Amino acid sequence: MNRSAGFTLIELMVTLAVAAILVTIAVPGMVTLVQNSRTTSQTNELVAALNLARSEAVKRGVTVTVRAEGGDFADGWCVHQGAACAGDDRIRVYPAMNRMVVDTGATQVAFNARGALAGAQVAMEIYPLGCGPITINRARALTVGVTGRVNVNRMNCP
């Protein structure tokens, strides 16, 4: 009797069906993981810029500002002293965020020579593009108090 080794058509169909089910379950979880990671890393980058501005203001003894490029922090921002982000006044420039929304009324955050906020408290909401209201803990609420301290909390998407 001559018997060939291999898989039957039914075995291949069952294997493909199981693989399709596993992919269907795994892909949404992976999207959530990527969005959470992106939100966390880009929020941390903005927090680092705010802390840099605060420490540079104290070190240099002048007002240092974090200004949104194009009026929106999602488009990038610049840390600088003086009136504009140009020349020797520029401390550091940050690139635009990747597929993120920054919801805030502020276009700049300035710290005085003591490291305190030069103005009223600033609040920002940072969340991935397309994040819906039923999405739990994927957005970040960033606040800069009048003392200059930056605080970040998780929140649901708006």
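Residue indices begin at 1 and follow the sequence shown. Computed from a predicted model, the values in this text were never measured in an experiment.
More than 12 heavy atoms of other shown residues, nucleotides or ligands fall within 6.0 angstrom of atom CZ in R90. Annotation for N153: atom CG counts as buried by contact number, over 12 foreign heavy atoms lying within 6.0 Å.
Sequence neighbours left out, the pairs with a member in residues 9-78 that pass disulfide (SG to SG under 2.5 Å) are C78-C85.
Proximity of V47 to V152: side-chain heavy atoms (C-beta onward) are separated by under 4.5 Å at one or more points. The shortest distance between side-chain heavy atoms of N98 and Q42 falls below 4.5 Å. Residues L50 and F111 meet the side-chain proximity criterion, which asks for heavy atoms closer than 4.5 Å. Between V79 and T65 the shortest side-chain heavy-atom distance does not fall below 4.5 Å. Inter-residue side-chain proximity for E125 and P158 is flagged as met; some heavy-atom pair is nearer than 4.5 Å. Here the side chains of D75 and D72 are in contact, with some heavy-atom distance below 4.5 Å.
Side-chain atoms of T32 and R138 include a donor-acceptor pair closer than 3.5 Å.
Atoms CG and OG, from N36 and S41 in turn, are 10.5 Å apart once rounded to the nearest 0.5 Å. In this structure, the separation between OG1 on T147 and CZ on R114 is 10.5 Å, given to the nearest 0.5 Å. For the atom pair L142 CG and N151 CG, the distance stands at 8.0 Å (nearest 0.5 Å). Here N137 contributes atom CG and C157 contributes atom SG; the two are 9.5 Å apart, rounded to the nearest 0.5 Å.
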Hey, mind stepping through R149 and V144 against side-chain contact (heavy atoms from CB on, under 4.5 Å) and telling me if it holds?
CA-CA 6 Å; R149 184 169 183 259; V144 184; over 6 Å; no
Given I91 and V64, is the side-chain contact (heavy atoms from CB on, under 4.5 Å) satisfied, shown in steps?
CA-CA 9 Å; I91 298 170; V64 175; 3.8 Å; yes
Please assess T107 against R67 for the test side-chain contact (heavy atoms from CB on, under 4.5 Å), listing each intermediate value before the final yes or no.
CA-CA 6 Å; T107 57; R67 184 181 316 271; 5.9 Å; no
Test W77 against L46 for side-chain contact (heavy atoms from CB on, under 4.5 Å), laying out the working first.
CA-CA 9 Å; W77 56 92; L46 182 54; 3.7 Å; yes
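Membership of an apolar cluster is not assigned to I136, as no side-chain contact below 4.5 Å to another ILVMFWY residue is traced.
Under the 4.5 Å side-chain contact rule for hydrophobic residues, M100 and L129 do not share a cluster. The hydrophobic cluster containing V93 does not contain V109, counting ILVMFWY residues as joined when their side-chain heavy atoms lie under 4.5 angstrom apart, directly or transitively.
T104 approaches V122 most closely through the heavy-atom pair OG1-CG1, 4.3 Å. The heavy-atom pair separating N51 from V150 by the smallest distance is OD1-CG2, 3.8 Å. Residues F73 and M124 share a closest heavy-atom pair of CE1-CE, 3.6 Å. Considering all non-hydrogen atoms of both residues, R140 and T43 come closest at CG-OG1, 3.5 Å. V146 approaches A120 most closely through the heavy-atom pair CG1-C, 4.5 Å. Considering all non-hydrogen atoms of both residues, A49 and V66 come closest at O-CG2, 3.9 Å.
With sequence neighbours excluded, the residues that form a side-chain contact (heavy atoms from CB on, under 4.5 Å) with A141 are M155. Qualifying side-chain contact (heavy atoms from CB on, under 4.5 Å) partners for N44, counting only residues two or more places apart in sequence or in other chains: T40. Here T8 pairs with I10, E11 under the side-chain contact (heavy atoms from CB on, under 4.5 Å) rule; sequence neighbours left out. In this structure R60 satisfies the salt bridge (Lys or Arg N to Asp or Glu O under 4.0 Å) test together with E56, sequence neighbours excluded.
Using modelled atom types, no side-chain atom of N112 and backbone atom of T63 make a donor-acceptor pair closer than 3.5 Å.
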